[in-house]
2 protein chains.
Amino acid sequence: MRKVVSSGQPTIKEIAKKLNISVSTVSRALHDHHSIGLRTKARVKQLAAEMNYERNQTAVYFQQGRTFTIGILLPELSEAFFSSAISGIEDTAYSNDYTVLLGQSHDDEAREKQIIQSMKQHRVDGCIVSIGKNTRNYDHFEMLRQAKIPVVFFDRIPDLPNIHTVSCNLESGTIQAVDFLLKKGHRVIGMINGPEQLVASKERATGYIKALRKHRLKYDPELIVNADLTAAGTSQAMEYLLSLRRKVTAIVTFNDYVAMDAVQYALKQKLEINKDITFVSYANTPVSGYTAFPPAASVEQFPYEQGKAATNMLLSLLSGEHALNEYNNMLMESQLVIHDR
Amino acid sequence: MRKVVSSGQPTIKEIAKKLNISVSTVSRALHDHHSIGLRTKARVKQLAAEMNYERNQTAVYFQQGRTFTIGILLPELSEAFFSSAISGIEDTAYSNDYTVLLGQSHDDEAREKQIIQSMKQHRVDGCIVSIGKNTRNYDHFEMLRQAKIPVVFFDRIPDLPNIHTVSCNLESGTIQAVDFLLKKGHRVIGMINGPEQLVASKERATGYIKALRKHRLKYDPELIVNADLTAAGTSQAMEYLLSLRRKVTAIVTFNDYVAMDAVQYALKQKLEINKDITFVSYANTPVSGYTAFPPAASVEQFPYEQGKAATNMLLSLLSGEHALNEYNNMLMESQLVIHDR
DNA sequence: CTGTTAGCGCCTTCAC
DNA sequence: GTGAAGGCGCTAACAG
């Protein structure tokens with residue numbers, strides 16, 4: 001059907017012919033094999049350079065049964081968190097001579113399956129995956145397991161047994177955040193949290209409660225609201241928090257977007273930011289520093305480092321220095337970054 | 001050296017053996033070749049399904065001499081513009097059954113060369129490239145040309161003859177921006193432009209001047225400042241513009257970051273945004289809407305669409321429906337998006 | 001030190 | 001309709 005177009009690129013065969021030696025000698029010379037004479041080596045290398053020879057990796061991949069390529073599946077590249085993460089992945093992969101094959105699911109389960117399928121056919125050596133919001137069925141990952149393609153899950157992790165994961169624990173950062181507010185004298189601290197079912201929301205709530213407990217303060221459940229992360233939801237949450245009997249002087253928001261919406265609401269109520277009300281958030285975006293009223297502090301989740309860690313974990317799996325029934329679950333600690341003292 | 005690990009994946013050979021037919025029959029059956037009997041076809045397909053057979057793409061790539069993979073080289077994934085662009089690239093590639101190999105140069109020329117080299121070895125079918133800020137030498141692209149790997153340059157385009165490009169013309173958007181301000185009654189409009197040597201700066205300046213000319217207003221060179229895009233540079237530029245005899249009531253800024261810095265400066269001078277002073281900017285970031293004082297309008301550059309266009313151009317080059325000496329240079333029009341009337 | 005040979009999985013031309 | 005054979009470029013036994 002499709003014509004095989006000769007690429008015109010020189011092969012070791014041609015080099016061998018011109019030099020009147022065998023292909024294996026050429027191959028070995030090019031690889032600096034110890035058993036090849038210095039003179040032949042030099043001759044081969046010189047001719048190869050002259051002819052602009054370049055090894056055909058597709059042949060090598062085929063022959064070796066591995067591609068030195070890792071597949072990356074993420075929900076959405078345009079989210080700052082993921083673009084930062086993939087930056088870390090790509091950097092680490094490249095410095096280990098691996099290439100990166102990319103796919104984004106857009107949180108669509110069907111597309112996610114399709115991409116995994118395509119990566120499997122591509123014979124990637126391994127995958128790094130952050131699953132979509134709506135993914136409920138994990139058959140595609142089961143197929144990878146059967147094909148013996150190792151996977152490291154990262155940030156958005158499926159509820160599966162025996163998997164490798166890298167994620168960031170938000171509890172510690174939240175404790176630091178609440179600590180920070182308490183030290184500044186705040187006693188009534190609200191929290192605009194995310195949807196209840198998210199692990200990330202649970203970690204935030206737990207951190208909040210633990211921080212209070214640490215300071216022997218009683219926890220008032222009224223002060224935590226679960227919102228839907230939309231601007232409208234945030235306004236509602238703000239309205240609620242500001243209507244409470246106890247006067248809320250600080251609020252921990254689910255992320256920077258929520259913080260920005262909350263700030264807008266507060267400004268409309270003629271509140272002075274960092275005086276009447278102080279915000280602390282989670283750094284999903286690097287631009288919060290540019291806003292007129294950035295949060296006084298935010299919990300950094302180190303997406304770049306997470307990407308790096310996930311890649312290193314995958315590479316160590318690929319190097320085969322692991323027992324097959326050993327599963328790595330790495331938990332990074334989040335950390336509070338203070339913008340405004 | 002490295003052991004060849006049998007992947008354990010079934011091959012057409014095994015299917016053939018189990019069915020006591022030849023590999024070529026299996027191959028043909030799997031491809032729905034017309035000359036294969038319906039019964040055999042069915043038997044083959046069923047067994048293949050049962051065995052979880054999956055075609056080894058690396059073998060196909062090798063054999064066909066093409067990989068259905070395109071290489072993407074970008075300066076920096078964490079820049080909103082590029083992450084949006086790659087989103088468009090990836091979507092388009094995937095819906096055409098192409099896979100995407102990723103590399104970021106971090107604006108480092110050496111790394112850029114290395115990535116191109118690696119993509120060439122990978123035998124990508126084509127490349128989409130946005131060059132680094134500091135790249136002065138283009139030998140690596142010359143090598144791609146010799147290897148007959150088509151390249152589409154995009155957004156950041158090198159100064160080379162006979163290349164394919166996709167880029168966005170900022171002149172039109174700038175004209176619209178100035179039009180918008182003039183219609184709102186502004187007569188003294190400043191511009192904080194970028195470094196003089198950038199094409200993008202030139203286009204902005206030209207658009208500004210053309211818009212004034214269109215309205216038969218005289219152009220005052222004092223009103224355009226070239227800044228370095230840092231916060232400090234922006235402050236200086238603001239100080240200068242606000243010190244002019246003629247009272248500047250509106251400013252066009254190089255991008256949203258500059259706009260945000262400029263807004264900060266204006267606020268410090270107790271100016272009221274959108275009253276004493278109005279800003280119009282270029283949309284490099286989707287978050288400007290979240291800031292307390294977003295620009296009244298901004299010039300959209302459609303990175304997603306640019307990525308899509310570049311990919312389509314590359315795909316059409318790959319399909320071979322082009323003369324070799326034909327070069328495509330696509331210019332998209334930027335467009336003003338009004339946030340605040 | 002170097003050459004010969006086989007084979008990776010698949011497709012395709014040629015023969016039957 | 002189906003089979004046999006060759007070859008894509010490279011590596012790695014196995015022989016000298």
Side-chain angles (χ1 to χ4, degrees), chain A residues 1-45 48 51-68 120-123 125 147, chain B residues 1-45 48 51-68 120-123 125 147:
Chain A
M1 202 153 215
R2 189 173 293 105
K3 277 281 189 52
V4 176
V5 181
S6 76
S7 65
Q9 302 265 80
T11 69
I12 49 171
K13 209 173 182 176
E14 299 174 38
I15 297 183
K17 202 179 293 171
K18 291 208 185 188
L19 255 33
N20 257 319
I21 56 181
S22 77
V23 286
S24 42
T25 305
V26 176
S27 173
R28 283 186 283 235
L30 257 18
H31 284 232
D32 269 326
H33 195 282
H34 61 272
S35 73
I36 298 291
L38 284 176
R39 287 210 39 204
T40 356
K41 233 183 237 179
R43 290 206 310 149
V44 169
K45 286 189 173 176
M51 296 174 70
N52 257 318
Y53 168 80
E54 208 153 66
R55 178 230 241 113
N56 183 344
Q57 284 293 42
T58 64
V60 178
Y61 294 157
F62 168 52
Q63 200 262 140
Q64 311 251 101
R66 51 186 308 194
T67 56
F68 292 94
K120 196 169 139 221
Q121 294 202 160
H122 245 270
R123 293 292 205 264
D125 292 344
Chain B
M1 201 154 220
R2 189 172 294 105
K3 278 279 189 54
V4 176
V5 182
S6 77
S7 66
Q9 302 265 81
T11 69
I12 49 171
K13 210 175 182 175
E14 301 174 36
I15 297 183
K17 203 179 291 171
K18 291 209 184 189
L19 256 32
N20 257 318
I21 55 180
S22 75
V23 286
S24 37
T25 306
V26 175
S27 173
R28 280 186 283 233
L30 257 17
H31 284 237
D32 269 325
H33 196 281
H34 60 274
S35 74
I36 298 293
L38 283 176
R39 288 210 37 200
T40 355
K41 233 182 240 178
R43 291 206 310 150
V44 169
K45 285 189 175 177
M51 297 175 68
N52 257 320
Y53 168 80
E54 208 153 66
R55 184 232 237 107
N56 183 342
Q57 285 292 41
T58 64
V60 177
Y61 295 157
F62 168 52
Q63 200 260 138
Q64 310 247 105
R66 51 186 306 194
T67 57
F68 292 95
K120 195 169 141 219
Q121 294 203 159
H122 245 270
R123 293 294 206 263
D125 291 344

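Labels below follow one simple rule: chain letters A, B, ... track the order of the sequence lines, proteins then strands, and each chain is numbered from 1.
The closest donor-acceptor contact from the side chain of A:His31 to the backbone of A:His33 lies at 3.5 Å or more, if one exists at all.
The neighbour count for B:Lys18 NZ, taken as heavy atoms of other residues, nucleotides or ligands under 6.0 Å away, does not exceed 12.
Looking at heavy-atom distances under 4.0 Å, B:Tyr61 makes no contact with the nucleic acid at all.
In this structure, the CG atom of A:Asn56 is 12 Å from the P atom of D:dC8, given to the nearest Å. For the pair B:Lys13 NZ and D:dG6 P, the interatomic distance rounds to 15 Å; values are reported in whole Å. In this structure, B:Arg66 atom CZ and C:dC11 atom C1' are separated by 15 Å, rounded to whole Å. Protein atom CG of B:Leu19 is 15 Å distant from nucleotide atom C1' of D:dG1, rounded to whole Å. Atom CD in A:Gln63 sits about 6 Å away from atom P in D:dA12, given to the nearest Å. Between the C1' atom of D:dG9 and the CD atom of A:Glu54 lies a distance of 14 Å, rounded to the nearest Å. Taking atom CZ of B:Arg39 as the reference point, atom P of D:dG1 lies 13 Å away to the nearest angstrom. Nucleotide D:dG7 holds its P atom 18 Å from the CD atom of B:Gln64, rounded to whole Å.
Counting only heavy atoms from C-beta outward, the side chains of B:Leu19 and B:Thr25 never approach each other to under 4.5 Å. Between B:Glu54 and A:Gln121 the shortest side-chain heavy-atom distance falls below 4.5 Å. The shortest side-chain heavy-atom distance between B:Glu14 and B:Thr11 falls under the 4.5 Å cut-off.
B:His122 and A:Tyr61 have their aromatic ring centers within a separation under 6.0 angstrom.
Here B:Phe62 does not lie in a stacked arrangement on the base of C:dC10, lacking the combination of planes under 30° and ring centres under 5.5 Å apart.
At least one side-chain nitrogen or oxygen of B:Ser27 sits closer than 4.0 Å to the OP1 or OP2 atom of C:dC11.
Considering every non-hydrogen atom in both B:Tyr53 and B:Pro10, the closest pair reads CD1-O, 3.3 Å.
B:Met51 CE to B:Ile15 CD1: the interatomic distance, rounded to the nearest 0.5 Å, is 5.5 Å.
The C1' atoms of five pairs define one axis at each end of the helix from C:dC1-D:dG16 to C:dC16-D:dG1, and these two axes lie 50° apart (to 10°).
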- Go through the steps to decide whether B:Arg55 and B:Val60 satisfy the test side chain to side chain contact (heavy atoms under 4.5 Å, CB included), and finish with yes or no. CA-CA 8 Å; B:Arg55 184 232 237 107; B:Val60 177; 3.4 Å; yes

Contacts under 3.5 Å, N or O only, protein and nucleotides 1-4 of chain C:
residue : atom : partner : partner atom : Å
C:dT2   : OP1  : A:Thr40 : OG1          : 3.1
C:dT2   : OP2  : A:Gly37 : N            : 2.8
C:dT2   : OP2  : A:Thr40 : OG1          : 3.0
C:dG3   : OP2  : A:Ser22 : N            : 3.1
C:dG3   : OP2  : A:Ser22 : OG           : 3.4
C:dG3   : OP2  : A:Thr25 : OG1          : 2.5
C:dG3   : N7   : A:Arg28 : NH2          : 2.8
C:dG3   : O6   : A:Arg28 : NH1          : 3.1
C:dG3   : O6   : A:Arg28 : NH2          : 3.0
C:dT4   : O4   : A:Ser24 : OG           : 2.9

